[in-house]
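These values consider heavy atoms only, across backbone and side chains, with no hydrogens, waters or symmetry-generated copies. Lettering follows sequence order; numbering is per chain, from 1.
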Amino acid sequence: MYHDILRIYRQLLAHYGPQHWWPADSPFQVIVGAILTQSTNWQNVERAIENLKQHNALTPERLSKLSEEKLAELIRPAGYFRQKAKKLKAFVGHLYAHYDGNLQKMLAQPTKKLRAELLSLWGIGPETADSIMLYAARKPIFVVDAYTKRIFSRLGRVSPTISYDELQRFFMSQLPKSVKLFNEYHALIVRHGKAICRPKPRCAQCVLARDCQSYRRSSSACGR
DNA sequence: GGCCAGGACACCA
DNA sequence: TGGTGTCATGGC
């Protein structure tokens, strides 16, 4: 079984190619993007990030100087903009309160400590924390999301009711601990989820159909 | 015009 | 612990 999850990775990589994640110019942009993309299409996030760029607000210092109202206005295209403005403010507030605004210092902490700290912040849950860990702090943490659960439960590898932590432990027990591998695998899962493994799946076009137990049983009843 | 998107939190039983 | 409502814009 050790090879199974790695083999699926290789199939996705061969099919889609490298995804070059995370699409951002700096660790701070990764964090902003990770918060803005919560339950939101990345295209809408890009609009919000572009607004922040236009206002030169993509550094902790500049962002902390914006009012919450102004910040909300700039990130409006990303949806949930009032909530997300609060979340961004909470993050930079913490950064200044404990690290004098020095993000590198915060991200350089040991993995376990950093994760617990991120999770303690309002608006940062498991997936956002792990995205920051992997893509901003370059820690070997596997990021789990809704696509991960959907794809691998339909493949018959895990239960559809598996928890976030259990699913994360599953992947990290099945793979070598590699930042590069975890980076690419999560990105490929998102790519595959967007393309094929939707709520209404397109199994006939799926590169993993041969691996999919529910698809093999009945091509019309894929995991549904 | 409904569905869906790279979640998290509050509240309830 | 687990289920449900809320937060909101924009493409398809």
J.: Short of 4.0 Å, heavy atom to strand atom, which residues of residues 41-57 of chain A count as contacting DNA chain C?
T.: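 Gln43(A), Asn44(A), Arg47(A) - these, ordered by number, are the residues of the stretch whose heavy atoms sit under 4.0 Å from the strand.
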
J.: Given the rule in the ring pair (Phe, Tyr, Trp, His ring centres under 6.0 Å) test, do Tyr147(A) and His192(A) qualify, once you have shown the distances and angles that lead to the verdict?
T.: CA-CA 8 Å; Tyr147(A) 289 129; His192(A) 185 65; 9.3 Å; no

J.: Are Tyr164(A) and Glu127(A) packed together at the side-chain level, in the sense that at least one heavy-atom pair is separated by less than 4.5 angstrom?
T.: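 Yes, their side chains come closer than 4.5 Å.
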
J.: What does the B/S/- profile of nucleotides 7-13 of chain B look like, 5' to 3', with a 4.0 Å heavy-atom cutoff to protein?
T.: BSSS---

J.: Out of curiosity, does Leu71(A) fall in the hydrophobic cluster containing Tyr80(A) (side-chain heavy atoms, cut-off under 4.5 Å, transitive links)?
T.: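 Not linked; separate clusters.
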
J.: Does a side-chain N-to-carboxylate-O contact under 4.0 Å join Asp25(A) and Lys53(A)?
T.: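 Salt bridge between Asp25(A) and Lys53(A), a charged N being under 4.0 Å from a carboxylate O: yes.
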
J.: Does any donor atom in the side chain of Tyr185(A) or Gln19(A) lie under 3.5 Å from an acceptor atom in the other side chain?
T.: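 Per modelled atom types, Tyr185(A) and Gln19(A) side chains form no pair under 3.5 Å.
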
J.: For the residue pair Val144(A) and Asp130(A), establish whether any side-chain heavy-atom pair is separated by less than 4.5 Å.
T.: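 Side-chain contact under 4.5 Å: no.
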
J.: Would you indicate whether the side-chain heavy atoms of Arg76(A) and Arg47(A) approach each other to under 4.5 Å?
T.: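 In short, these two side chains do not touch, never coming nearer than 4.5 Å.
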
J.: Determine whether Phe171(A) and Phe152(A) satisfy the following criterion, ring pair (Phe, Tyr, Trp, His ring centres under 6.0 Å), listing intermediate values before the conclusion.
T.: CA-CA 10 Å; Phe171(A) 274 90; Phe152(A) 286 86; 4.8 Å; yes

J.: Hey, which of these two, Ser163(A) or Gly79(A), hits DNA chain C nearer its 5' end, going by closest nucleotide?
T.: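 It is Ser163(A) whose nearest nucleotide is closer to the 5' end.
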
J.: Can you measure Arg198(A) atom CZ to dA5(B) atom C1' for me and round it to whole angstrom units?
T.: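 Those two atoms, CZ and C1', are 8 Å apart.
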
J.: Just one of Leu175(A), Val179(A), Leu134(A), Leu181(A) clears the side chain to side chain contact (heavy atoms under 4.5 Å, CB included) bar with Pro140(A), so which one?
T.: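 In the set Leu175(A), Val179(A), Leu134(A), Leu181(A), the residue that makes a side chain to side chain contact (heavy atoms under 4.5 Å, CB included) with Pro140(A) is Val179(A).
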
J.: On DNA chain C, reading 5' to 3', which nucleotide is the first and which the last to sit with an atom under 4.0 Å from a heavy atom of chain A, could you check?
T.: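 With heavy atoms of chain A under 4.0 Å away, the range is dC7(C) to dG11(C).
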
J.: Any luck finding a side-chain donor-acceptor pair between Lys87(A) and Thr128(A) under 3.5 Å?
T.: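 No, no side-chain donor-acceptor contact under 3.5 Å.
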
J.: Using the P atoms only, state how far dC7(C) lies from dG1(B), rounded to an integer number of Å.
T.: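 About 23 Å, rounded to a whole number of Å.
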
J.: If you apply the rule salt bridge (Lys or Arg N to Asp or Glu O under 4.0 Å), what do you find for Asp211(A) with Arg7(A), and how did you get there?
T.: CA-CA 10 Å; Asp211(A) 282 286; Arg7(A) 187 173 51 75; 2.9 Å; yes

J.: Using the P atom as the point on both nucleotides, what is the distance between dA8(C) and dA10(B), in whole Å?
T.: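 Per the computed distance, 14 Å lies between those P atoms.
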
J.: Using a cut-off of 4.0 Å on non-hydrogen atoms, how would the nucleic acid contact of Lys194(A) be classed: base, sugar-phosphate, or nothing?
T.: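 The answer is base, as Lys194(A) lies within the cut-off (heavy atoms under 4.0 Å) of a base atom.
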
J.: Counting the atoms with a prime plus P, OP1 and OP2 as sugar-phosphate, which does Arg150(A) contact under 4.0 Å by heavy atoms, base, sugar-phosphate, or nothing?
T.: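 It contacts sugar-phosphate atoms only.
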
